[in-house]
Amino acid sequence: MKIIMLGAPGAGKGTQAKMLAAKYEIPHISTGDIFRANIKNGTELGAKAKEYMDKGLLVPDELVVDLIMDRFKADDCKKGYILDGFPRTIPQAEALDKALTAVGESIDYAINVEVPDENIVNRMSGRRACVGCGATYHIKYSPTKVEGKCDTCGADLIIRDDDKPETVLNRLNIYHEQTQPLIDYYSAKGVMKEVDGTVDMNDVFDAIVAILGE
Ligand code: AP5
Ligand code: MG
């Protein structure tokens, strides 16, 4: 099964993708997580990506496409995958289509997690990320057992550099300009499904599972 998670920054793509990956036993591939891991490890790719990410801008298509094509070669992608944060532009979607068509495959579902802009800034200011394993929490909606420490690995929690309100607004603008057109793109292919992302995260999950099947 090949799934694309669509939605504004902070809509809950990562939260849902992690739960879906565990249920369907396919990898969760987040381009944002891959870039953040590269920044943490001080790689050349990380340094390039950080310039754009800190401003709330998109990393250039060619960097992202090369990275994803490389990731698809791994053995764990044979049964499918959940793409979170890719594609994010029409050229990225076209590059993905071209690569899949070349091997006789296609995307099964694109799931749009719908959350209005007014909810987003509030959500992002409460998000906390683990420096160790990358788990995501929210101070109000998904708090840790011990404040400031990850439930899974015990490492410290941080606020993402791009979660400052002014950067979030930039990210939202870029989302509307460059990523939202993908909703029409995947609707035209007949694979687009929408879920309400404003309800409890477990209810969002149930709605997605109802679409994908048990
Ligand atoms: P990326 O990491 O993909 O960020 P994003 O799309 O902006 O999305 P987020 O990760 O911020 O949000 P999310 O939808 O995953 O929400 P989450 O589950 O965490 O990309 C970062 C940057 O990398 C981009 O800006 C760009 O520069 C670059 N980049 C990445 N991919 C790229 C690409 N393909 N091309 C070019 N550049 C690229 O949830 C948010 C918060 O809400 C959490 O605290 C969570 O606990 C909480 N929450 C989740 N669900 C609910 C709920 N139902 N109710 C209440 N709270 C909830
Ligand atoms: Mg995410």
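Just so you know, ligand 1 is whichever comes first in the structure, and atom 1 is the first atom listed for that ligand. On a predicted model such as this, the values are computed, not experimentally measured, just so you know. What's counted below: heavy atoms across the whole structure, side chains too, no hydrogens, waters or symmetry copies.
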[X] versus [Y]: any side-chain heavy-atom pair under 4.5 Å?
| X | Y | answer |
| --- | --- | --- |
| Arg88 | Asp61 | no |
| Ile39 | Met53 | yes |
| Leu6 | Val113 | no |

Where's the contact between [X] and ligand 1, heavy-atom distance under 4.0 Å: side chain, backbone, both or neither?
| X | answer |
| --- | --- |
| Leu57 | backbone |
| Val64 | side chain |
| Thr198 | neither |
| Tyr175 | neither |

What residue and atom, counting heavy atoms only, is the protein's closest point to [atom], and at what distance?
| atom | value |
| --- | --- |
| atom 10 (O) of ligand 1 | Arg160 NH1, 3.1 Å |
| atom 31 (N) of ligand 1 | Thr31 OG1, 2.7 Å |
| atom 44 (O) of ligand 1 | Tyr137 O, 2.8 Å |
| atom 18 (O) of ligand 1 | Thr15 OG1, 2.5 Å |

Can [X] and [Y] be counted as an ion pair, charged N to O under 4.0 angstrom?
| X | Y | value |
| --- | --- | --- |
| Asp161 | Lys50 | yes |
| Asp97 | Lys189 | yes |
| Arg171 | Asp163 | yes |

Out of all atoms in ligand 1, which are within 4.0 Å of some heavy atom of [X]? Include the element for each.
| X | value |
| --- | --- |
| Gln92 | 33 (C), 34 (N), 35 (N), 36 (C) |
| Gly85 | 31 (N), 32 (C), 33 (C), 34 (N) |
| Gly14 | 13 (P), 15 (O), 18 (O) |
| Arg171 | 4 (O), 5 (P), 7 (O), 8 (O), 9 (P), 11 (O) |
| Gly197 | 53 (N) |

4.0 Å heavy-atom contact, [X] with ligand 1:
| X | result |
| --- | --- |
| Ala11 | yes |
| Arg128 | no |
| Lys140 | no |
| Arg36 | yes |
| Gly10 | yes |
| Asp61 | no |

Evaluating non-hydrogen atoms only, which member of [options] is closest to [atom]?
| atom | options | answer |
| --- | --- | --- |
| atom 43 (C) of ligand 1 | Thr136, Val113, Val65 | Thr136 |
| atom 32 (C) of ligand 1 | Gln178, Met53, Arg88 | Arg88 |
| atom 48 (N) of ligand 1 | Met19, Glu51, Met201, Lys55 | Met201 |

- Are the aromatic rings of Tyr109 and Tyr186 close, with centres under 6.0 Å apart?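 No; Tyr186 has its ring centre 6.0 Å or more from that of Tyr109.
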- Task: Examine the side chains of His176 and Asp117 and answer whether a donor and an acceptor come within less than 3.5 Å of each other.
- Result: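 Yes, because at least one side-chain N or O of His176 sits under 3.5 Å from a partner of the opposite role on Asp117.
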- Message: Quick check: Val59 and ligand 1, any N/O pair under 3.5 Å apart?
- Response: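 Yes.
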